[in-house]
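What follows is a short report on a single structure.
These numbers come from a predicted model, not from an experiment. Lettering of chains follows the sequences in order, A, B, ..., and the numbering in each one begins at 1.
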2 protein chains.
Amino acid sequence: MTETSSQTEGSPVGAALDDAPVETRVDNRTLWEQVREKLREDILSGSLAPGTVLSEVALAESFGVSRGPIREALGRLAAEGLVTIKPRRGAVVTELTRDEFIDSYQVREALETLAVSLAIPRMGPAEVDELRALHRQMVDHAERGEVNAFFEANAAFHDVFIKASGNRRLAEMYKRLLEQTARYLAHSLALRGSLGKSIAEHAAIVEAVEAGDADSAARLMADHIEVPQRLEETDEHPVPPDQPVTNTNEGT
Amino acid sequence: MTETSSQTEGSPVGAALDDAPVETRVDNRTLWEQVREKLREDILSGSLAPGTVLSEVALAESFGVSRGPIREALGRLAAEGLVTIKPRRGAVVTELTRDEFIDSYQVREALETLAVSLAIPRMGPAEVDELRALHRQMVDHAERGEVNAFFEANAAFHDVFIKASGNRRLAEMYKRLLEQTARYLAHSLALRGSLGKSIAEHAAIVEAVEAGDADSAARLMADHIEVPQRLEETDEHPVPPDQPVTNTNEGT
DNA sequence: TAATTGCCGACTGTTGACAACTGACAGTCA
DNA sequence: TGACTGTCAGTTGTCAACAGTCGGCAATTA
């Protein structure tokens, strides 16, 4: 949000091609930005599992830079919630306990609800078509049991609302929460109960969108939020309580 | 959220007094943490107005430390949204444009809505009494035109729900948004239209809470969100569009 | 005069070294 | 044997210096 890598306007020289950057731009990013990006990728992809200790000296050697940029990168990632820093104790890839996961999940859903109610008055036929297409994809993937593809389409489905909401801060915070929780796909699934239920709920939302009914669409979205809450009240523990949940993102 | 300043458990030595720290604890915080805290105070209090440039060398001299801790502190504050860092250009106290302010405002209200629906099933008589008391305070302050006192009670009112929600991540994000927007109290007021309306809405919420009706309470809260939206559609500009809004937190 | 080019000061980005702290281990004593 | 204390390696926190980049200003040229 803050450190905008100032998008420069088109340069006058060589303005022929318009799909790729004409002059392969020099990497103007600072070292710590590059480090941060690489570390983020590794964390999100699962190469760095939750709980992995991130030693400054080790990382510095690995990246071939001094400890300064490493510290900077770790600090930013800590602010994003991807790593956890304990003063004088070092950095660790953040582990979410079951409760923390549910907390994030609830907030994420609340943001989605807001996105829906903001987006609907702003959506045109193109966006509605996109929603329909994505919904159909999700149905297909669910029938074939393609969980990962399902979640991908699901994410795209929700992203339509986020983008259409026109609220940039919302988009940032949503993205951040998504990154934090995306590593625990399996548990997200456990919370949802079944793909079928998710699909049914989304179908209802699409209908409301087509009708331009912001209120019921938002209401439908809001009903999601109570799912993890109920799970908390009952004794069905999808993850052992207060136990770190570990990454299960293997095997496609 | 991440850097927990590990609350140490009670030491066995000198466990007589229980209200103040028995052994005046050594300041175990790192330098950059102290710098961050001081800068945050200054920004929130308005001593550092939005747009103020924060030079590393100047701050380093001012604090009597080297640039390292300053950089660290600025980086964290940037991640929190209180300062804006442009690579190789330096740090500036964040200025919110009108649109950015509205964006944050909407997200904040969404989080409050979530807080209400989560909190109500968890609230006991004590919390309800607290709500009633705070509501009465707000009525009094509004009648006397004590705007700042009103907002203080208002903040406490909302904080009851946030705390009672039991969702720590929600609490963190809410606090962060509050800090970002709190410096623009006057504009918050402009968005709201009048204190009276705010009070009426809160009264309705208190009633719903007393009835334990989570759904309508959340619905009442959610209705707030559309206020800034409508203002955006109409041509009433409480702040010039795309103009940085400046601090008006003087007086009292 | 207007636009371009080169220079310059000031600032940030990065580095390597030093200092302080932490947790663990081994040794000592009751 | 058990608890306490001192030491130690490894780590992070901090510092001061160097190098690179940015925007502004002045000199130059058409």
Side-chain angles (χ1 to χ4, degrees), chain A residues 2-9 11-14 23 25-39 48 51-79 83-94, chain B residues 2-9 11-14 23 25-39 48 51-79 83-94:
Chain A
T2 46
E3 306 124 32
T4 56
S5 50
S6 54
Q7 193 82 346
T8 52
E9 50 271 20
S11 55
V13 57
E23 295 278 349
R25 291 202 48 177
V26 188
D27 196 351
N28 202 21
R29 295 176 306 167
T30 57
L31 282 182
W32 70 261
E33 283 174 315
Q34 301 176 32
V35 171
R36 178 184 59 176
E37 198 149 325
K38 183 63 171 60
L39 282 179
L48 290 172
T52 307
V53 293
L54 300 170
S55 161
E56 292 182 4
V57 282
L59 288 174
E61 284 179 18
S62 154
F63 280 102
V65 298
S66 77
R67 277 175 49 217
I70 303 291
R71 280 179 70 85
E72 207 98 2
L74 288 178
R76 306 310 172 92
L77 289 173
V83 314
T84 304
I85 295 180
K86 285 180 215 153
R88 279 177 260 273
R89 297 295 313 281
V92 170
V93 179
T94 300
Chain B
T2 48
E3 304 124 34
T4 56
S5 50
S6 54
Q7 194 82 346
T8 52
E9 48 272 19
S11 56
V13 56
E23 295 278 346
R25 291 201 46 178
V26 186
D27 198 348
N28 201 21
R29 295 175 306 167
T30 58
L31 284 182
W32 70 261
E33 283 174 315
Q34 301 178 36
V35 171
R36 178 184 60 175
E37 199 149 326
K38 183 63 170 57
L39 282 179
L48 290 173
T52 307
V53 291
L54 300 170
S55 160
E56 292 181 4
V57 283
L59 288 174
E61 285 179 17
S62 154
F63 280 102
V65 297
S66 78
R67 277 174 53 219
I70 304 291
R71 279 181 70 84
E72 208 97 3
L74 288 178
R76 305 311 172 92
L77 290 172
V83 314
T84 303
I85 295 180
K86 285 182 215 154
R88 278 177 266 274
R89 296 297 310 283
V92 170
V93 180
T94 300

*Beyond-backbone contact of B/L77 with B/T94, side-chain heavy atoms, under 4.5 angstrom*: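 Side chain of B/L77 against side chain of B/T94, heavy atoms only: no contact under 4.5 Å found.
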*Scan for salt bridge (Lys or Arg N to Asp or Glu O under 4.0 Å) pairs involving residues 52-63 of chain A, sequence neighbours excluded, and state none if there are none.*
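Every pair satisfying salt bridge (Lys or Arg N to Asp or Glu O under 4.0 Å) with a residue in residues 52-63 of chain A: A/E56-A/R67, A/E56-A/R71.
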*Starting from the C-alpha separation in whole Å, work towards a yes-or-no answer on side-chain contact (heavy atoms from CB on, under 4.5 Å) for B/V57 and B/I70.*
CA-CA 9 Å; B/V57 283; B/I70 304 291; over 6 Å; no
*For each nucleotide in nucleotides 19-24 of chain C, reading 5' to 3', give B when a protein heavy atom comes within less than 4.0 Å of its base, S when such contact involves only the sugar-phosphate, and - otherwise.*
--SSS-
*Roughly, in whole Å, what's the span from CG in A/L31 to P in C/dG16?*
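Roughly 12 Å, once rounded to whole Å.
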*For A/S55, which residues count as a side-chain hydrogen bond (donor to acceptor under 3.5 Å, both in side chains) partner, sequence neighbours excluded?*
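Not a single residue meets the side-chain hydrogen bond (donor to acceptor under 3.5 Å, both in side chains) criterion with A/S55.
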Quick one: closest heavy-atom pair of [X] and [Y], and the distance?
X     : Y     : answer
A/G75 : B/R76 : CA-NH2, 3.4 Å
B/R36 : B/A73 : N-CB, 3.7 Å
B/W32 : B/P69 : CB-O, 3.2 Å
B/L74 : B/A91 : CD1-CB, 4.0 Å

*Which two nucleotides bound the region of DNA chain D that has atoms under 4.0 Å from heavy atoms of chain B, read 5' to 3'?*
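For DNA chain D, the relevant span reads D/dG13 to D/dG23.
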*Is it true that B/E37 and B/R29 make a salt bridge, defined as a side-chain N closer than 4.0 Å to a carboxylate O?*
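Here B/E37 pairs with B/R29 in a salt bridge, since their nearest N and O are under 4.0 Å apart.
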*With sequence neighbours excluded, tell me which residues meet side-chain contact (heavy atoms from CB on, under 4.5 Å) with A/R88.*
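A/R88 satisfies side-chain contact (heavy atoms from CB on, under 4.5 Å) with B/N28, B/T30 once adjacent residues are dropped.
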*Tell me which residues in residues 60-73 of chain A put a heavy atom below 4.0 Å from DNA chain D, sorted by number, or none.*
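A/R67, A/R71, in order of number.
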